[in-house]
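Some notes on the structure that comes next.
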Amino acid sequence: MRYLPNSDQDRQVMRDAIGIKSDDELFVRVPKKVFDTAKPDLPDHQPEFAVEAHIRQLAGKNRAGGDGPFFVGAGAYRHHVPASVDHLIQRSEFLTAYTPYQPEISQGTLQMLFEFQTQVANLTGMEVANASLYDGSTAAMEAVLMARRLKKRDGVVVSGGLHPQYRDTIATYLGKDPAFKCMQADPTAQEDIIAQIDDSTACVVVQSPDFYGNLRDLRPIAEAAHEKGALLIAVFTEVVSLGAIESPGAQGADIVVGEGQSIGNPLTFGGPYVGLMATRPNLVRQMPGRVCGETVDAEGNRGFVLTLSTREQHIRRDKATSNICTNSGLCALAFSIHMSLLGQKGIEHLALLNHQQAVKTADALSKIDGVEVLNSHFFNEFTVKLPKAAAPVVEALAEKNILAGVPVSRLEPGKKDLENLLVIAATELTSDADIDALTNALKEVI
C-alpha cells in the first residue's frame, strides 16, 4: 500500500467505499502463522566492500563456458558474439526507447524492429515476421494456439523430436486436452508422424534440426498436413542452422518459430533469449505480438509504424491473439546487429564452421569402443549412445573440466531407453584441441 501514490485521505475514501476501517482487514483471510514477526536469522550488515569481496569469492566458484572444452547445446549454444554488439545495444537511444508505445518518438526502435523482422523473414524463407516473442518455447506454444484459431480445430500433433521443454510449454497451455497428441521420444527420427494427421488436426509441430540433432525433410509432412487442411509448424532451436540448410518456408512450412539466442546473445545462465516467429501473409492477422511496418508521412518522408498490434494491451481483450505483454526488444536488437555484421555470406560461413567442427567431433567419438553416433544427418549437434548411463559420465567429465553435453535423461527423466543417450553440440568456438580433450577423457571414463 505504501507504494501507491495516494494521500491518507484518498486511502480513507477507498476504505470507506469497501467498508473496512484499516488496511489490515484486507488480509484477514491470510492465516496468522504466515505473519512471522520474528527477526530473521541473518548476519549483521557488512560494509559494501566486504560484501563485494564475498560475492566475488562466490562467483569464483562458477565455471564459465569459455573456461574449457564446452559441448553443451540442447537449445542454448555458445557462439562468438562480437564486442561491437554489446557496445551498440548499451547506447542510451536503445536502452531508453525500450518499447515503441509512442511511435512518433521511437522511430529508431521501430526501424530496428523492422530490420529485425526482415532478417528473420529472409532466414526462415517466409514473407512476414513479428517483432519477436519471449523465447523459442513460448513462440512454439503461441504458434499452436494461432493454428487452432485459424483452423477452428483442436487437434495438435507434436513430433517426438521436439525439444522436451518446448513440448512441455505447449502441454502447460493445452493441459490434458485429448486432442493434443505428443509422439514418443524419437532419437533416430523414424516416427511416422504423417499417420497421426487426420481431419481434426489443426497443426503438426516438427523440429529440424530436432532435439537429437536429426535433420528432417519437411516437404512430405507439409503435403500430408495440407491435404487434411492442417498447418505445418516448423521449429528450430539453433538459428545458425538456417545458414546451411534449406529454409523451412521453402519446404512448405506455414508457421516457423524458434530461438534466436545463437545470434548476438550469449548464454548468460539461460536468458533472456529471443523468440522468432514468421508466417505467410494470409495468416498474419492471427499472429501474436507486434508487426512493425514502413510507410511515408504526409510530406513523403520515410517512417515506421506499428502496422499490427494484436496484443490485449492494444485491442479489446476478447479480440487479442495473445496475452503476451512485450517482446524481447534488447535481445532482438542484439540479434539484428550481429546479423547485420555477418550478412548473407557471413551467416553461411558461420554455419559451415559449425557443421565442420561437429563432423570432426562425431568422427572422433565414433572411434571409441562402445560409443555409437545415432545420426545419419546433422548440423552442429548430434546424439551418441554410450555403453553406460550418460548422466554420471557427464559428471565425471565435468570433474576433468570438460562440459561434455546434455544427458537426455536430464530432460526426459525416468525413461530407461534414453538413459545412455548424450546430446553433444559443437560450434565455431570448438577447437580441435577441445575435441581431442573430450575424446581422450571419454575413453578414460567409459
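What you are looking at is a predicted structure, and each value in this text was computed from that prediction instead of being measured.
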| said: Show, in sequence, the C-alpha distance, side-chain angles and deciding distance for D10 and R15, and conclude whether the salt bridge (charged side-chain N to carboxylate O under 4.0 Å, His left out) test is met. | reply: CA-CA 9 Å; D10 293 333; R15 284 192 288 264; over 6 Å; no
Backbone N or O of [Y] within a donor-acceptor pair of the [X] side chain at under 3.5 Å?
| X | Y | answer |
| --- | --- | --- |
| T268 | P266 | yes |
| N380 | S241 | no |
| Q207 | L162 | no |
| R149 | T321 | yes |
| S409 | E419 | no |
| Y273 | A76 | no |
| T124 | V256 | no |
| Q357 | T430 | yes |
| T169 | M141 | no |
| Q190 | T188 | yes |

Atom of [X], atom of [Y] and distance for their closest heavy-atom approach:
| X | Y | answer |
| --- | --- | --- |
| A426 | T361 | CB-OG1, 3.8 Å |
| S309 | R290 | OG-CG, 4.5 Å |
| S208 | I245 | O-CD1, 4.4 Å |
| L276 | V239 | CD1-CG2, 4.0 Å |
| G73 | A425 | CA-CB, 3.8 Å |
| P220 | I194 | O-CD1, 3.7 Å |

Can you name the side-chain contact (heavy atoms from CB on, under 4.5 Å) partners of [X], sequence neighbours left out?
| X | answer |
| --- | --- |
| N301 | D297, E299 |
| A189 | D186, D210, N214, R216 |
| V296 | none |
| H80 | P82, E428, L429 |

Is [X] atom [atom1] crowded by more than 12 heavy atoms from other residues, nucleotides or ligands, each under 6.0 Å away?
| X | atom1 | value |
| --- | --- | --- |
| Q184 | CD | no |
| R410 | CZ | no |
| H377 | NE2 | no |

| note | For residues 227-240, the salt bridge (charged side-chain N to carboxylate O under 4.0 Å, His left out) pairs (sequence neighbours left out) are D199-K228
| query | Any salt bridge (charged side-chain N to carboxylate O under 4.0 Å, His left out) pairs touching residues 372-396, not counting sequence neighbours? | reply | none
| request: Let me know which of V204, I255, T201 forms a side chain to side chain contact (heavy atoms under 4.5 Å, CB included) with L231. | output: I255
Check whether any side-chain heavy atom of [X] lies under 4.5 Å from a side-chain heavy atom of [Y], and answer yes or no.
| X | Y | value |
| --- | --- | --- |
| I18 | L26 | yes |
| F382 | L374 | no |
| F211 | T383 | no |
| Y212 | V408 | yes |
| V393 | L442 | yes |
| D135 | Q261 | no |
| L306 | L110 | yes |
| Y173 | L145 | yes |

| Under 4.0 Å between a Lys/Arg side-chain N and an Asp/Glu carboxylate O for D177 and R148? | yes
| task | Identify, with sequence neighbours excluded, every residue that meets ring pair (Phe, Tyr, Trp, His ring centres under 6.0 Å) alongside H79. | result | none
Salt bridge (Lys or Arg N to Asp or Glu O under 4.0 Å) partners of [X], counting only residues at least two apart:
| X | value |
| --- | --- |
| E127 | R280 |
| D417 | none |
| D86 | none |
| K415 | E412 |

As an exercise, state the distance from [atom1] of [X] to [atom2] of [Y], rounded to the nearest 0.5 Å.
| X | Y | atom1 | atom2 | result |
| --- | --- | --- | --- | --- |
| D434 | L438 | CG | CG | 9.0 Å |
| E246 | D217 | CD | CG | 8.5 Å |
| C292 | F304 | SG | CZ | 9.5 Å |
| K181 | Q196 | NZ | CD | 5.5 Å |
| C331 | I263 | SG | CD1 | 13.5 Å |
| L113 | S132 | CG | OG | 7.0 Å |

Quick one: do the [X] and [Y] side chains pair a donor with an acceptor below 3.5 Å?
| X | Y | value |
| --- | --- | --- |
| R219 | Q251 | no |
| D363 | S366 | no |
| E259 | T237 | no |

Identify all side-chain donor-acceptor contacts of residues 335-345 below 3.5 Å with residues at least two apart in sequence or on another chain.
| from | atom 1 | to | atom 2 | distance (Å) |
| --- | --- | --- | --- | --- |
| S336 | OG | Q119 | OE1 | 3.0 |
| H338 | ND1 | G264 | N | 2.8 |
| S340 | OG | Q119 | NE2 | 3.2 |
| S340 | OG | S336 | O | 2.8 |
| Q344 | NE2 | E348 | OE2 | 3.3 |

| Between V394 and L422, is a side-chain contact (heavy atoms from CB on, under 4.5 Å) present by the stated rule, with each step listed? | CA-CA 9 Å; V394 168; L422 178 63; 3.5 Å; yes
| said: Assess the residue pair S322 and E142 against the criterion (side-chain hydrogen bond (donor to acceptor under 3.5 Å, both in side chains)); give the C-alpha distance rounded to whole Å, side-chain angles, the decisive distance to 0.1 Å, and a yes or no. | reply: CA-CA 8 Å; S322 171; E142 291 285 0; 2.6 Å; yes
| request: Could you check whether the rings of F379 and H355 sit parallel, tilted or perpendicular, using 30° and 60° as the cut-offs? | output: parallel
